[in-house]
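Read through the structure below, which is laid out as C-alpha cells, and then see the notes.
Along the sequence shown, the residues carry numbers beginning at 1. When reading the values below, keep in mind they use all heavy atoms of this one structure, side chains included, and skip hydrogens, waters and symmetry mates.
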Amino acid sequence: MKTLREAKVGETVKVVKLHGAGAVKRRIMDMGVTKGVEVYVRKVAPLGDPIEVTVRSYELSLRKADAEMIEIE
C-alpha cells in the first residue's frame, strides 16, 4: 500500500482508497480528493509538511497526516 505522502514531487498518481473515518475523511472528500481522481504532486515543504498537490485543476495543501490517509497507485 502506497500513500500520497510517499509520492515524489512531479509525480501524477491515482487515488485508490481513502482511509480514516468521520469528519477527517469527509473533509478530504470535500476538498475534491475522491476515489479515481488523479493527483499531481507539485511541492513538498523542506520538513515534509505540508504537501502541495494539484487536484481537479486547483492547488491544495495537505498535512502529512492527511496525506497518509490517501492510498494511491
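A single hydrophobic cluster is not seen to contain both V55 and V16; linkage of ILVMFWY side chains at heavy-atom distances under 4.5 Å, directly or through other members, places them apart. Hydrophobic clustering (ILVMFWY, side-chain heavy atoms < 4.5 Å, transitive): Y40 and I72 are in distinct clusters.
Separation of atoms CD (E71) and NZ (K14) is listed at 13.0 Å; rounding is to 0.5 Å. Atom CD of E38 sits about 12.0 Å away from atom OG1 of T54, to the nearest 0.5 Å. Rounding to the nearest 0.5 angstrom, the gap separating the CD atom in E68 from the CZ atom in R63 is 11.5 Å. One finds the NZ atom of K64 at 11.5 Å from the OG1 atom of T3 (value rounded to the nearest 0.5 Å).
Contact annotation: the side chain of M69 never approaches that of K25 to less than 4.5 Å [non-hydrogen atoms, C-beta and beyond]. Contact check for D66 versus I51: no side-chain heavy atoms found under the 4.5 Å cut-off.
Considering every non-hydrogen atom in both E6 and M1, the closest pair reads OE1-O, 4.2 Å. Listed here is the closest heavy atom pair of G32 and V37: O-CG1, 4.0 Å.
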Q | L60/V33 under side chain to side chain contact (heavy atoms under 4.5 Å, CB included): CA gap, chis, key distance, verdict | A | CA-CA 10 Å; L60 177 68; V33 181; 3.9 Å; yes
Q: Take L62 and I70 through the side chain to side chain contact (heavy atoms under 4.5 Å, CB included) test and state the conclusion after the steps.
A: CA-CA 11 Å; L62 293 169; I70 303 168; 4.0 Å; yes
(Q) Between R56 and T34, is the side chain to side chain contact (heavy atoms under 4.5 Å, CB included) condition met? List the steps. (A) CA-CA 10 Å; R56 299 181 190 263; T34 56; 2.6 Å; yes
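In this structure, K2 places its NZ atom where more than 12 heavy-atom neighbours from other residues, nucleotides or ligands lie under 6.0 Å away.
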